[in-house]
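What follows is a short report on a single structure.
For clarity, every value in this text was computed on a predicted model and none was experimentally measured. Just so it is clear: chains get the letters A, B, ... in the order the sequence lines come, proteins before strands, and each one is counted from 1.
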Protein chains: 2
Amino acid sequence: MTKQKALMLSIFRSDFCHGKHRTADEILAYAKDLMPGISRATVYNNLKELAKEGIIRRISGDDGADLYDSDTALHGHLICSVCKGVRDVGAPRLFEDLKRISGEDIEAYELKLRYVCESCRHQNLN
Amino acid sequence: MTKQKALMLSIFRSDFCHGKHRTADEILAYAKDLMPGISRATVYNNLKELAKEGIIRRISGDDGADLYDSDTALHGHLICSVCKGVRDVGAPRLFEDLKRISGEDIEAYELKLRYVCESCRHQNLN
DNA sequence: TAGTTTTTTTGGACTTTGTCTAAAAACATT
DNA sequence: AATGTTTTTAGACAAAGTCCAAAAAAACTA
């Protein structure tokens with residue numbers, strides 16, 4: 001356990017990550033604020049490591065950049081087509097439903113649902 | 001309608017793409033075989049265009065490269081964790097299920113299911 | 001059809017995201 | 001403290017994709 005890895009862990013437990021989805025670059029910038037000397041490679045290494053250990057979850061973002069989610073429970077994501085905002089959709093039954101529908105023994109899933117969020121829907125009425 | 005765009009359309013209708021998921025680079029290489037002078041930017045432009053027009057579907061691949069699918073009907077993908085092979089899972093009811101579960105008026109979804117495919121499962125028994 | 005306007009293509013530079021490497025530093029173990 | 005292992009570091013590198021301004025092609029107009 002190095003100082004750098006400990007920092008990463010604390011970042012993922014902090015409000016900066018709580019309930020949010022962060023890119024590697026956002027994590028890097030934040031980590032540099034707290035530990036200016038930290039290297040990009042270290043942040044990337046640890047992100048990979050933490051994801052492999054199951055401490056965080058890596059999901060593929062919309063624009064090419066991967067996102068990291070400190071909520072490791074299997075869940076889907078509602079993505080607003082307008083503002084790109086992300087909301088979790090935790091569906092306890094969803095996993096079982098997907099197994100049944102696919103007829104396979106699914107290990108995990110990644111689900112993105114496109115919609116228009118409440119506030120964007122209202123904006124659009126103007 | 002330019003010659004280049006017509007070529008792209010024909011590629012997506014051909015066996016090269018039928019039932020498969022192709023990266024931009026694979027499409028580019030194939031297009032260059034048929035029209036050597038075609039530019040990378042043109043292929044990328046047209047991929048974006050065709051996706052916007054709904055003629056093809058863009059899905060985010062596993063390794064960072066986006067994939068293009070000529071099957072535009074909403075469907076999910078079964079991805080083998082071992083060999084990375086992709087199988088479609090077309091579920092007519094899935095879309096409605098997802099709307100119901102999320103409680104939102106979903107426009108589209110993107111679904112990846114991780115599993116181990118038949119042949120990889122057998123290999124593993126050795 | 002000729003001339004004009006609009007759209008598309010082109011090639012290359014550029015950006016973003018991420019990986020790799022070899023040397024240095026930190027860590028763990030005894 | 002000495003040793004061996006692991007991690008970090010900086011920078012080079014790579015892949016995937018975007019952006020740009022000039023040239024070419026297409027579409028439009030009269």
Side chain to side chain donor-acceptor pair (under 3.5 Å) filter on B:S10, not counting sequence neighbours, yields none

From [atom1] of [X] over to [atom2] of [N], roughly how many Å is that when rounded to an integer?
X: A:K48; N: D:dT6; atom1: NZ; atom2: C1'; result: 16 Å
X: A:D62; N: D:dG17; atom1: CG; atom2: C1'; result: 15 Å
X: A:M8; N: D:dT9; atom1: CE; atom2: C1'; result: 15 Å
X: B:L7; N: C:dT9; atom1: CG; atom2: C1'; result: 13 Å
X: B:Y44; N: C:dA13; atom1: OH; atom2: C1'; result: 15 Å
X: B:I38; N: C:dT10; atom1: CD1; atom2: C1'; result: 11 Å
X: B:L28; N: C:dT9; atom1: CG; atom2: C1'; result: 14 Å
X: B:I27; N: D:dA16; atom1: CD1; atom2: C1'; result: 15 Å

Looking at every strand, decide which applies to [X] at a 4.0 Å heavy-atom threshold: base, sugar-phosphate, or nothing.
X: B:A41; result: base
X: B:D66; result: sugar-phosphate
X: B:N46; result: sugar-phosphate

Looking at the side chain of [X], which of [options] is the nearest nucleotide?
X: B:T42; options: C:dG18, C:dT10, D:dG17; result: C:dT10
X: B:R58; options: C:dC20, D:dT9, D:dT18; result: D:dT18
X: A:N45; options: C:dG11, C:dT8, D:dT8; result: D:dT8
X: B:Q4; options: C:dA13, C:dT17, C:dT10; result: C:dT10

Could I get the full list of side chain to side chain contact (heavy atoms under 4.5 Å, CB included) partners for B:S39, not counting sequence neighbours?
B:A41, B:T42

B:T23 vs B:M1, nearer the 5' end of DNA chain D by closest nucleotide
B:T23

Pick the nucleotide of DNA chain D nearest each of A:E49 and A:G37; which residue has the one closer to the 5' end?
A:E49

On the nucleotide D:dT8, are OP1 or OP2 found under 4.0 Å from the side-chain N or O atoms that A:T2 carries?
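For A:T2, the contact criterion (side-chain N or O under 4.0 Å from OP1 or OP2 of D:dT8) is met.
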
Check whether NZ of the Lys or CZ of the Arg B:K99 lies under 6.0 Å from the centre of the six-membered ring of B:F95 and within 45 degrees of that ring's axis.
yes

Taking the inter-plane angle between the rings of B:H21 and B:H75 on a 0 to 90° scale, is it parallel (under 30°), tilted (30 to 60°) or perpendicular (over 60°)?
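The arrangement is tilted - the two ring planes meet at 30° to 60°.
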
How are the rings of A:F16 and A:Y30 set relative to one another: parallel (under 30°), tilted (30 to 60°) or perpendicular (over 60°)?
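Parallel.
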
Confirm from the modelled atom types if B:R40 and C:dG11 form a donor-acceptor pair under 3.5 Å, side chain to base only.
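Under the 3.5 Å cut-off, the side chain and the base do not form any donor-acceptor pair.
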
